[in-house]
Amino acid sequence: LKENALALLKQVGEGQELQDLRVKYLGKKGELTEILRGMGGLSAEERPKIGQLVNEVRQVIEEAILSKQQEFEARVLEAKLNKQTIDVTLPGRPVPTGTMHPLSRIIEELEDIFIGLGYEVAEGPEVELDHFNFEMLNLPKGHPARDMQDSFYITEELLLRTHTSPVQARTMLKKEGKTPLKIICPGKVYRRDDDDATHSHQFTQIEGLVVGKDISMSDLKGTLLTFAKQMFGEDQQIRLRPSFFPFTEPSVEVDIQCVICHGEGCRICKQTGWIEILGAGMVHPRVLEMAGYNPQEVSGFAFGMGVERIAMLKYGIEDIRNFYTNDVRFLRQFNRS
Ligand code: FA5
């Protein structure tokens, strides 16, 4: 039986033929199985001998089938490899790559500038508690100045943050009264403003906060001037105008010169030659107190700037909506060289 099987295996063809042979010898109704089944009729002496013999034969046949199968597989693979030739001299297919979004670029540049001045980058949630967005910033419920920022409320206590200023309170609480504290926080903010060329219902701000001993208005002014020069060039000047925010006292609005934007069609740079880019001021004593700092011992300044405004000035972009419509012709212009 063994000789017979091995002889047949030598000439067997691929696929089904090999499969049939396996069934013929090793299958449930195969010849070897038949012999095993007939062992009941054998004497006690013969049984182990025959059993061992059958097992030996089964092993030999199994191995022979396996090696035949491997031989066939190797042959198939070789045929395939011979057929598929690769021309390694052909040029590769170009992989289309995106470009960095101009707002991300400005945020990175701003982070580099402020990290260079010793600041850390903080983060806060976009879905914010009324408590942090307003109350901790000296804007209790019913305060008229809440109207300055028309809000998207989710529940009575929860809203889409209207500015990055709640991160001021969150960071101060985390720091537990320790100084110095120097952070910036970039992020998305939301307001029920009507969309036009310079306003969007969702835009980007960067908050800055410094708390420490003897921090003064001149530190704020120096910091903002340093930032403006690094962002827009050494000749850049800034202008501080008195303003009002409930969380800073005194408060200012800061303008920069529109030296970048020329031409008649330039809507963002108004006739005056100055454009507002941020709000700022000395952190209100109440705000310091609520967040666990003693206003008798420490002081601080804070600012919040609109990233879109800065990007528009820097790149001469005339419509804020360009940032959000994802027109690749617009975005490709900001390819990093
Ligand atoms: C604030 O949001 C204050 N939290 C800023 C601040 C922080 C003051 C810390 C003091 C201390 P304001 O509402 O002015 O302020 O917004 C700040 C900047 O965001 C503006 O100067 C402007 O550049 C930008 N901005 C405001 N509204 C929009 C809008 N709808 N679309 C695009 N940019 C906007």
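Atoms within a ligand are numbered from 1 in the order they appear, just like the ligands themselves.
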Pairs under 3.5 angstrom, nitrogen or oxygen on both sides, ligand 1 versus protein: list them out, please.
from	atom 1	to	atom 2	distance (Å)
ligand 1	2 (O)	Arg191	NH2	2.8
ligand 1	2 (O)	Gln205	NE2	3.1
ligand 1	4 (N)	His163	ND1	2.9
ligand 1	4 (N)	Ser165	OG	2.9
ligand 1	13 (O)	Arg191	NH1	2.8
ligand 1	13 (O)	Arg191	NH2	3.1
ligand 1	16 (O)	Gln205	NE2	3.4
ligand 1	19 (O)	Gln205	NE2	3.4
ligand 1	21 (O)	Glu276	OE2	2.6
ligand 1	23 (O)	Arg309	NH1	3.4
ligand 1	30 (N)	Asp193	OD2	2.7
ligand 1	30 (N)	Ser200	N	3.4
ligand 1	30 (N)	Ser200	O	3.0
ligand 1	31 (N)	Ser200	N	3.0

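- Taking the six-membered ring where the residue is Trp, the centroids of Phe114 and Phe303 are separated by under 6.0 Å.
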Distance-only criterion, 3.5 Å: show the donor-acceptor pairs between side-chain atoms of residues 285-293 and protein atoms not counting sequence neighbours.
from	atom 1	to	atom 2	distance (Å)
Tyr293	OH	Lys178	N	3.4
Tyr293	OH	Lys178	O	2.7

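- Take Asp327 and apply the salt bridge (Lys or Arg N to Asp or Glu O under 4.0 Å) test, not counting sequence neighbours, and it matches Arg329.
- Judged by distance alone, the side chain of Lys188 and the main-chain N or O of Glu126 form no donor-acceptor pair under 3.5 Å.
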Quiz: residues 53-69 side-chain donor-acceptor pairs under 3.5 angstrom, not counting sequence neighbours:
from	atom 1	to	atom 2	distance (Å)
Ser67	OG	Ala64	O	3.4
Lys68	NZ	Lys10	O	3.4
Gln69	OE1	Arg22	NH2	3.2

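- Between Leu110 and Ile184, the shortest heavy-atom distance links the atoms O-CD1, 4.4 Å.
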